[in-house]
Structure formats: structure tokens, C-alpha cells
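Here, residue 1 is the first one in the sequence, and each next residue gets the next number.
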Amino acid sequence: MKFYLILAVHCCLTLVGSTPLRKLELTRAVESGMSLAKKILSDIPAVHEACVKTTGLTLSGEAQHLEYLLSDIGIPAPPVLKSEDLTMDVSLKRIVSGLDLHHQLLQEIKELLTSSEELNLLLADIRDLSAQVHKMQELAQIPSTVSQNAAFAALSPRLSSDYLIQVAAHLSLQQLRSFTQDVFRSLRHISASN
């Protein structure tokens, strides 16, 4: 009887002790995710410069005159992250979904480009950030789901010219930059509220 009482107390102390440890691990995972998001943001200009050679397609330039091509090319929009009302569960799921979407987009575009070493490194960073977010979901005991939004029709049949390939790379990198800025803000919000 005494043994069972000691075992029950030990189990309770273990559970109580693991909660702060799990919270600390989650905080570290979120900070690591923020660092990876910053790295992606800092790498995008070099990737753009290496992959997009068409005059007039600058990363800092407005792409309003190209917006009609977004739907013509078939580049899907990522999930929305801009609301601070999102729960951690919803935010993390949307982040994973958006990262998977951009990984697939850029992977397909990479197959059509001649210069892709910088893009390979960016794709690795996107994979690393996605893995880090999956780790956050695990630590927060949020069931991770297979991304639903990442499935889209192949771009390559619509990219019939070098110009369209360049535009697709340009628009995808601009969209990734905007999405990753939202990812960073979401992770910062999660870190502050954790």
C-alpha cells in the first residue's frame, strides 16, 4: 500500500515537473522558429537575384502590373496569418500549410530554372522551419495534420516561356517573403503569450 502511495506521489510530481519543462522547450522551439524565419527573410533577396534575371522584376518593386498573372499562372495564395485572434493551434497549422505550399511552388519552379543553388538552400530552410513548427505542435500537444492547402495544379504547363518562369519565381518569392513576415509576427505573438 505504501509503495502505491509513493508511486502515485512520484507520478504526480513527474507530471507537475514536466509542464514547466515542456513550456521551456516550447519557448526554445518558438525562438528557433523565429530565427529560421529571419534567415529565410534574409536569404530571399539573394535567391531572387540569382534566379530572376528579367529586367524590371525587382524584389523591392511593386508587382501590381503582374497581379493578373498570379491567377493565370496558377500561384495559390497562402493561408492568412494576420489576425492576432488566431489560437496557437490554428496559427501553427496555417504556418505549416503555407510553408508546404511555398516549398512545393519553389520546388516546381526550381526544376525550370538554370540557376538553383541558392534556391536549394532556401528550400532547405523552409523544410527546417516546417519541421520546427511540427516540433512546436508536438510540444504544445496539438495534433499535426497533413497540409490540405498545399495541393495545387502543376505550374509547369502554364509556364510556356522563360519570361513566365521568371515571373512565377518573382511572384512566388515575393509571396514567400510576405508570408514569412507574417510567420515571424505569429511566432512572436505565440512567444509573448506563452
* **Which atom of P78 lies closest to which atom of H102, heavy atoms considered** => CB-CE1, 3.7 Å
* What pair of heavy atoms forms the shortest contact from P79 to G98, and how long is it? -> CD-CA, 3.6 Å
Any chance you could measure [X], atom [atom1], to [Y], atom [atom2], to the nearest 0.5 Å?
{"X": "E118", "Y": "L113", "atom1": "CD", "atom2": "CG", "answer": "11.0 Å"}
{"X": "Q181", "Y": "K82", "atom1": "CD", "atom2": "NZ", "answer": "8.5 Å"}
{"X": "L171", "Y": "L57", "atom1": "CG", "atom2": "CG", "answer": "8.0 Å"}
{"X": "L123", "Y": "Q107", "atom1": "CG", "atom2": "CD", "answer": "5.5 Å"}
{"X": "S172", "Y": "L119", "atom1": "OG", "atom2": "CG", "answer": "9.5 Å"}
{"X": "F179", "Y": "R94", "atom1": "CZ", "atom2": "CZ", "answer": "10.0 Å"}

* **R185: salt bridge (charged side-chain N to carboxylate O under 4.0 Å, His left out) partners, not counting sequence neighbours** => D182
* Structure fact -> Residues passing the side-chain contact (heavy atoms from CB on, under 4.5 Å) test with E31, sequence neighbours excluded, are T27
* Heavy atoms from other residues, nucleotides or ligands near NZ of K110 exceed 12 (cutoff 6.0 Å) -> yes
* **Atom CD of E25: over 12 foreign heavy atoms under 6.0 Å** => yes
* Are any of the side-chain heavy atoms of H189 and L86 separated by less than 4.5 Å? -> no
* Close side-chain approach of V52 and L59, heavy atoms under 4.5 Å -> no
Tell me whether [X] contacts the main-chain N or O of [Y] through its side chain, where contact means a donor paired with an acceptor under 3.5 Å.
{"X": "S32", "Y": "R28", "answer": "no"}
{"X": "S91", "Y": "T87", "answer": "yes"}
{"X": "S193", "Y": "I190", "answer": "yes"}
{"X": "R22", "Y": "Q141", "answer": "no"}
{"X": "Q104", "Y": "L99", "answer": "no"}

* Does the pair L122 and L176 meet the rule for a side chain to side chain contact (heavy atoms under 4.5 Å, CB included), with working shown? -> CA-CA 11 Å; L122 181 63; L176 174 63; 3.8 Å; yes
* Asked: Can you list every pair that meets ring pair (Phe, Tyr, Trp, His ring centres under 6.0 Å) and has a residue in residues 106-128, with sequence neighbours left out?
  -> none
* Asked: After noting the C-alpha distance and the side-chain angles of L105 and Q175, does the key distance pass the side chain to side chain contact (heavy atoms under 4.5 Å, CB included) rule?
  -> CA-CA 11 Å; L105 274 172; Q175 182 173 282; 4.1 Å; yes
* Q137 and K93: CA distance, side-chain angles, deciding distance, side chain to side chain contact (heavy atoms under 4.5 Å, CB included) verdict -> CA-CA 8 Å; Q137 288 176 313; K93 286 179 181 177; 3.6 Å; yes
Would you give me the side-chain donor-acceptor pairs under 3.5 Å for residues 33-43, sequence neighbours excluded?
unit_1	atom_1	unit_2	atom_2	d
K39	NZ	D43	OD2	3.0
K39	NZ	D125	OD2	3.1
S42	OG	K38	O	3.4
S42	OG	K39	O	2.9

Side chains of residues 152-169: which donor-acceptor partners sit under 3.5 Å, not counting sequence neighbours?
unit_1	atom_1	unit_2	atom_2	d
S156	OG	E108	OE2	3.3
R158	NE	I73	O	2.5
R158	NH1	A154	O	3.4
R158	NH2	I73	O	3.1
R158	NH2	A154	O	3.1
S161	OG	L164	N	3.2
Q166	OE1	K53	N	2.5
Q166	OE1	T54	N	3.3
Q166	NE2	C51	O	3.2

* **side-chain hydrogen bond (donor to acceptor under 3.5 Å, both in side chains) against E49, all qualifying residues, sequence neighbours excluded** => none
